[in-house]
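Working notes, beginning with the structure itself.
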Amino acid sequence: MKSYTRIKIPAGFWAGIHQLGIAPHDVARKARLPLTIITDPVVTTDQYFAIWQAYSDLIDDTAKGIIKLMTVFETAHYPPTVLATYHARDYRDALKRMARYKQMCPPESLHITEGGEKCTIELDWLYTEQLGPPMLVGITLAFLLELGRRGTGQPLMAKFVEFTHSMGDLQALEAYFGCHIRIGANCNRLTLHRRDLDLPFVSYNEELLEILTPVLDKSLDEQQRSRSITEMVKWIMKRNLTGGRPDIQTVASEFGMSDRTLQRRLTDEGTNFKHLLTQVRHELAREYLADPSFDIKEVAFMIGYEDQNSFYRAFRIWEGDTPLNWRTEQLGTNSRN
């Protein structure tokens with residue numbers, strides 16, 4: 001079975017772009033993704049790349065976008081996998097933990113090599129042949145240096161940085177990394193001064209690591225445990241509903257199986273594809289209608305209806321009322337509570 005990648009966008013990303021004056025809704029819309037990714041930020045690899053590309057397009061310059069996001073991304077917003085690196089014993093320990101726990105939140109994969117006076121960290125991609133957008137590449141490498149700076153409390157500089165693609169304002173980026181940057185390289189690579197890896201972290205917290213490490217290691221070991229096929233199908237549907245109706249062949253291909261096999265697996269779990277699609281549309285309709293910022297025509301589009309009348313007919317079956325009446329009643333009830 002094909003490995004279906006689920007990537008969780010860190011809360012710090014949405015908080016950071018909001019501080020930069022970019023609305024998370026604008027990023028979602030630019031990426032042509034459902035707005036639920038903001039509150040339920042688990043996406044596929046393609047959608048993850050689309051979000052980073054959307055941020056890049058909105059910020060207009062890759063280098064500027066990298067530097068600005070690094071500046072506003074607060075330590076308090078670090079997810080547990082990153083906290084375990086920030087509170088490491090030293091820079092070397094932090095980087096090794098980062099490479100290990102990155103496996104829990106692909107698609108980025110880090111390969112660390114030490115030799116002579118340098119340490120190189122090469123960025124690759126897990127579970128996809130597609131190359132990540134330059135903005136994501138830059139953020140990933142910049143964060144590895146930022147981790148060392150914040151952990152040691154010292155203004156560390158890189159030794160050399162290589163990117164495969166153009167990165168915008170190269171002068172600004174070289175000032176940030178503190179070294180020469182090569183564009184058009186055959187891989188994306190950060191080269192550090194090896195001596196810096198021995199620097200202790202002022203943020204070292206042994207007690208916290210004793211709590212976090214076993215939990216993260218266990219989660220990593222259990223990552224491949226399969227979830228119910230019903231749950232996965234609903235999740236895929238929600239991510240692919242906007243502006244169209246996902247068919248069983250499309251969803252089955254995400255699992256690397258035939259539509260007949262998928263239908264059989266769903267039958268074994270007491271459901272079927274058509275029922276799940278209706279359930280997902282109903283759930284999302286209620287969620288979107290509860291937000292007065294969406295007009296009803298937009299809600300219909302976001303849950304896969306090409307025309308508003310079809311949505312109205314379906315909603316009457318689900319709720320026994322029109323979307324407009326239902327919304328008015330819900331908003332009235334909420335205001336009274």
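Everything numeric here is computed off the predicted structure, so don't read it as measured data. Because only heavy atoms are used, hydrogens play no part in the values below, and waters and symmetry mates are left out as well, while side chains stay in.
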| Under a 4.5 Å side-chain heavy-atom rule over Ile, Leu, Val, Met, Phe, Trp and Tyr, are I183 and L173 clustered together? | yes
| query | Looking at CZ of F294 and CG of D291, how far apart are the two atoms once the value is rounded to the nearest 0.5 Å? | reply | 4.5 Å
| query | Quick one: does T152's side chain get under 4.5 Å of V202's, heavy atoms only? | reply | no
| task | Check the side chains of R327 and T322 for a donor-acceptor pair under 3.5 angstrom, ignoring hydrogens and angles. | result | no
| Are any non-hydrogen side-chain atoms of T113 and K118 less than 4.5 angstrom apart? | no
| Does the pair R150/E146 count as a salt bridge with the N-to-O cut at 4.0 Å? | yes
| message | Please confirm whether the ring centroid of W52 lies under 6.0 Å from the ring centroid of F13. | response | yes
| query | Is the side chain of E162 donor-acceptor paired with the backbone N or O of N188 at a distance under 3.5 Å, no angle test? | reply | no
| Are M157 and L190 connected, step by step, through hydrophobic side chains (Ile, Leu, Val, Met, Phe, Trp, Tyr) whose heavy atoms are closer than 4.5 Å? | no
| Exercise: do Q263 and D259 side chains pair donor with acceptor under 3.5 Å | no
| task | Could you label the plane-to-plane angle of the F311 and Y305 rings as parallel, tilted or perpendicular, counting under 30° as parallel and over 60° as perpendicular? | result | tilted
| How long is the gap from CD1 on I51 to CD1 on I17, to the nearest 0.5 Å? | 9.0 Å
| message | Closer than 4.0 angstrom, basic N to acidic O: yes or no for R92 and D198? | response | yes
| query | If we only count heavy atoms from C-beta on, is the M135 to I59 side-chain gap below 4.5 Å? | reply | yes
| task | Output yes when K238 and E287 qualify as a salt bridge under the 4.0 Å nitrogen-oxygen rule, no when they do not. | result | no
| query | Roughly how far, to the nearest 0.5 Å, is the CG atom of L284 from the CD1 atom of I303? | reply | 7.0 Å
| task | Would you check if the side chain of Y55 reaches a backbone N or O of G65 as a donor-acceptor pair within less than 3.5 Å? | result | yes
| note | Closest non-hydrogen atoms of C179 and A158, given as atom of the first, atom of the second and distance, are CB-O, 3.2 Å
| query | Are Y86 and V72 linked, directly or through other ILVMFWY residues, by side chains that come within less than 4.5 angstrom of each other? | reply | yes
| Pair R194-E117, salt bridge (charged side-chain N to carboxylate O under 4.0 Å, His left out): steps then yes or no | CA-CA 5 Å; R194 194 179 183 188; E117 297 180 351; over 6 Å; no
| query | Is R281 reaching over with its side chain to a backbone N or O of G304, donor-acceptor style, under 3.5 angstrom? | reply | yes
| query | Should L131 and L141 be counted in the same cluster of Ile, Leu, Val, Met, Phe, Trp and Tyr side chains packed under 4.5 Å apart? | reply | yes
| query | How far apart are the C-alpha atoms of E174 and R182, what are their side-chain angles, what is the distance that settles it, and do they pass the salt bridge (charged side-chain N to carboxylate O under 4.0 Å, His left out) test? | reply | CA-CA 10 Å; E174 288 186 333; R182 180 189 168 201; over 6 Å; no
| Going by heavy atoms in the side chains, are E283 and K234 under 4.5 Å from each other? | yes
| message | Could you check whether any side-chain heavy atom of I7 comes within less than 4.5 Å of a side-chain heavy atom of V42, counting everything from C-beta outward? | response | no
| Flag if over 12 foreign heavy atoms under 6.0 Å of CD, Q249 | yes
| said: I'd like to check L276 versus N272 (side-chain heavy atoms, cut-off strictly below 4.5 Å). Are they in contact? | reply: no
| request: Could you tell me the separation between the CD1 atom of I296 and the CH2 atom of W326, rounded to the nearest 0.5 Å? | output: 10.5 Å
| request: Look only at the side chain of E122 and the backbone of L110, and say whether a donor-acceptor pair between them is shorter than 3.5 Å. | output: no
| message | Quick check for you: to the nearest 0.5 Å, what is the distance between D247 atom CG and L277 atom CG? | response | 10.0 Å
| Between T39 and T36, do the side chains contain an N or O donor and an N or O acceptor separated by less than 3.5 Å? | no
| query | Do I37 and Q47 touch side chain to side chain, with heavy atoms closer than 4.5 Å? | reply | no
| request: Decide if atom NZ of K96 counts as having more than 12 heavy atoms of other residues, nucleotides or ligands within a radius under 6.0 Å. | output: no
| task | Check the side chains of Y101 and D217 for a donor-acceptor pair under 3.5 angstrom, ignoring hydrogens and angles. | result | yes
| query | Taking C-beta and beyond as the side chain, do T267 and F273 meet within less than 4.5 Å on heavy atoms? | reply | no
| query | Can you tell me how far SG of C119 sits from CD1 of I121, rounded to the nearest 0.5 angstrom? | reply | 5.0 Å
| T85 side chain to M98 backbone, donor-acceptor under 3.5 Å | no
| Any chance NE2 of H111 has more than 12 other-residue heavy atoms, nucleotides or ligands included, within less than 6.0 Å? | yes
| field | Ring centre gap for H87 and F201 strictly below 6.0 Å | value | no
| said: Quick check against the 3.5 Å criterion: does D93 have a side-chain atom that pairs as donor or acceptor with the backbone of R89? | reply: yes
| Parallel under 30°, tilted from 30 to 60°, perpendicular over 60°: which one fits the rings of F160 and H180? | parallel
| said: If we check side chain to side chain contact (heavy atoms under 4.5 Å, CB included) with P246, which of these qualifies: V280, L241, V233? | reply: L241
